[in-house]
Amino acid sequence: KWKGEGTTQNLENIVIGRCYDYIRIVNPSVGEKNCSQIWEAFKNAFINKDPCSILPKDYELFINLTFHTIPPNKSLFWENNQLLVNSFADRGRRYMSLGDTLFGYIGDFLNWCGQADSPGLDYESCPTTLECENNAVDSFWRMASIIYAQHSSGVIQVLLNGSAVGGAYPQPGFFADYEIPNLQKDKISRVVIWVVDDIAGPDIDSCGTDSVKILETRLKTLGFDVTCTDNYKSVMFLLCLD
């Protein structure tokens with residue numbers, strides 16, 4: 001029916017399992033969380049509903065149940081380089097990207113949707129962003145991005161892909177549309193941008209040029225103290241290693 005892939009098999013087990021994995025092993029400092037309740041809140045956001053009419057606010061209860069503080073200076077925003085960010089953040093050891101928070105960790109790389117006339121999950125197909133913007137997954141990540149940005153503080157990092165087709169700072173994009181507007185200026189001391197090219201190139205975008213310049217100007221206009229570095233060595237070493 002839809003063009004996107006269907007719900008990830010064993011979704012319930014994965015969500016509950018990731019929840020326990022996070023609070024017991026990945027980051028026990030967040031304290032006790034009720035993982036069964038978290039699954040129910042997650043599921044109830046989209047189950048039995050038209051898969052094209054799910055809104056970010058439908059995930060409010062899920063966010064409230066999974067919420068924990070994000071340590072200052074640890075936030076790592078990104079576009080077009082998820083796997084690199086995952087290895088660089090190292091599950092919160094170096095940085096805490098959205099995927100290293102409990103709410104982000106639970107949803108990472110999963111797919112899901114329900115059906116208007118059934119209490120079950122749709123394993124056959126789910127709508128893509130092109131088919132409808134208010135689908136279960138996009139609305140989840142919008143809500144998660146907003147909360148993550150609102151609670152980021154201190155020095156925040158942004159890792160962009162200088163080899164991305166169309167530029168390192170995509171507009172529209174989650175960072176441009178949901179994260180920047182929700183940054184709390186009084187809580188943030190500096191924004192550090194890293195533009196890193198793929199090892200084999202191409203070098204499409206850099207600090208002070210094209211889309212990165214647009215980003216720098218936007219952040220400065222909002223009153224942020226901004227620095228930008230091309231091909232930040234620590235990240236380049238990780239790319240070389242891979």
Taking [X] for its side chain and [Y] for its backbone only, find out whether a donor-acceptor pair lies under 3.5 Å.
X	Y	result
Thr8	Asn111	yes
Asn135	Pro51	no
Ser163	Pro202	yes
Ser145	Glu179	no
Asp100	Asp90	no
Ser118	Gln115	no
Lys74	Ala89	no
Arg94	Ser87	yes
Tyr59	Ala136	yes
Arg218	Ala176	yes

**Item:** Criterion side chain to side chain contact (heavy atoms under 4.5 Å, CB included) on Leu65 and Asn34, from CA distance to verdict
**Value:** CA-CA 8 Å; Leu65 293 172; Asn34 186 329; over 6 Å; no

I'd like to know if [Y] and [X] are part of one continuous hydrophobic network [Ile/Leu/Val/Met/Phe/Trp/Tyr, side-chain heavy atoms within less than 4.5 Å].
X	Y	result
Val196	Val226	no
Val15	Tyr22	yes
Leu102	Leu11	yes
Met96	Ile146	yes
Phe224	Val212	yes

Nearest heavy-atom neighbours spanning [X] and [Y]:
X	Y	value
Thr217	Thr221	O-OG1, 2.6 Å
Leu238	Phe88	CD1-CA, 3.5 Å
Glu131	Lys1	OE2-O, 4.4 Å
Asp138	Glu133	CB-O, 3.6 Å
Phe103	Thr66	CB-OG1, 3.4 Å
Glu216	Gly208	OE2-N, 2.7 Å

Is the closest side-chain heavy-atom distance between [X] and [Y] below 4.5 Å?
X	Y	result
Glu79	Tyr169	no
Leu215	Ile180	yes
Asn161	Trp78	no
Leu183	Lys185	no
Cys19	Ile106	yes
Met143	Ile63	yes
Thr128	Trp2	no
Phe77	Ser152	yes

**Prompt:** According to the interplanar angle, ranging from 0 to 90°, do the rings of Tyr232 and Trp194 count as parallel (below 30°), tilted (30 to 60°) or perpendicular (above 60°)?
**Reply:**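 Ring orientation of Tyr232 relative to Trp194: parallel.
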
**Asked** So Phe174 and Tyr178, would you call those rings parallel, tilted or perpendicular, with 30° and 60° as cut-offs?
**Response**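 Phe174 vs Tyr178 ring planes: tilted.
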
**Prompt:** Does Asp58 have any side-chain contact (heavy atoms from CB on, under 4.5 Å) partners at least two apart in sequence or in another chain, and if so, which?
**Reply:**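 For Asp58 the side-chain contact (heavy atoms from CB on, under 4.5 Å) partners, ignoring immediate neighbours, are Ala45, Lys49, Ile54, Leu55.
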
**Message:** Assess the residue pair Glu12 and Leu121 against the criterion (side chain to side chain contact (heavy atoms under 4.5 Å, CB included)); give the C-alpha distance rounded to whole Å, side-chain angles, the decisive distance to 0.1 Å, and a yes or no.
**Reply:** CA-CA 10 Å; Glu12 179 177 353; Leu121 300 160; over 6 Å; no

**Asked** Using 4.0 Å as the upper bound for N to carboxylate O, is an ion pair formed by Arg24 and Glu32?
**Response**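 Salt bridge between Glu32 and Arg24, a charged N being under 4.0 Å from a carboxylate O: yes.
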
**Message:** For Glu60, is there an ion pair with Lys57 - N to carboxylate O distance below 4.0 angstrom?
**Reply:**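 Salt bridge flag = no for Glu60 with Lys57.
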
**Asked** Would you find more than 12 non-hydrogen atoms of other residues, nucleotides or ligands less than 6.0 Å from Glu124 atom CD?
**Response**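 No, CD of Glu124 has 12 or fewer neighbouring heavy atoms, counting only those of other groups under 6.0 Å.
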
**Gln184 atom CD, neighbour heavy-atom count above 12 within 6.0 Å** =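 Yes, because the 6.0 Å sphere around CD of Gln184 holds more than 12 heavy atoms from other groups.
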
**Prompt:** For Phe67, which of Val30, Ile147, Thr101 qualifies under side-chain contact (heavy atoms from CB on, under 4.5 Å)?
**Reply:**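 For Phe67, the side-chain contact (heavy atoms from CB on, under 4.5 Å) check succeeds only for Ile147.
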
**Member of Asn81, Ile199, Asp197 meeting the side-chain contact (heavy atoms from CB on, under 4.5 Å) criterion with Leu239** =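 With Leu239 as partner, Asn81, Ile199, Asp197 yield a single side-chain contact (heavy atoms from CB on, under 4.5 Å), made by Ile199.
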
**Message:** For the CG atom of Leu160 and the SG atom of Cys228, what is their distance to the nearest 0.5 Å?
**Reply:**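 Interatomic distance, Leu160 CG to Cys228 SG, rounded to 0.5 Å: 7.5 Å.
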
**Separation between CD1 of Ile16 and CG of Asn10, rounded to the nearest 0.5 Å** =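 So the gap between those two atoms works out to 12.0 Å.
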
**Asked** Do Phe140 and Phe62 have ring centroids that are under 6.0 Å from one another?
**Response**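 Under 6.0 Å, so yes.
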
**Asked** For Lys43 and Glu40, what are the C-alpha separation, side-chain angles and deciding distance, and is it a salt bridge (charged side-chain N to carboxylate O under 4.0 Å, His left out)?
**Response** CA-CA 5 Å; Lys43 180 184 72 175; Glu40 289 300 323; 3.4 Å; yes

**Request:** Not counting sequence neighbours, list each pair that qualifies as a disulfide (SG to SG under 2.5 Å) and has a residue in residues 136-177.
**Result:**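 Matches after skipping sequence neighbours: none remain.
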
**Asked** Is there a side chain to side chain contact (heavy atoms under 4.5 Å, CB included) between Val158 and Leu219 once you walk through the steps?
**Response** CA-CA 12 Å; Val158 185; Leu219 291 169; 5.7 Å; no

**Request:** Taking salt bridge (Lys or Arg N to Asp or Glu O under 4.0 Å) as the test, write out the residues that go with Asp205, two or more places apart.
**Result:**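 For Asp205 there are no salt bridge (Lys or Arg N to Asp or Glu O under 4.0 Å) partners, ignoring immediate neighbours.
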
**Asked** Just checking, is any N or O donor in the side chain of Arg18 or Tyr105 under 3.5 Å from an acceptor N or O on the other one?
**Response**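 Note: Arg18 and Tyr105 side chains miss the donor-acceptor criterion.
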
**Item:** Chi angles and distances behind the side chain to side chain contact (heavy atoms under 4.5 Å, CB included) call for Asp225, Ser189
**Value:** CA-CA 7 Å; Asp225 176 15; Ser189 53; over 6 Å; no

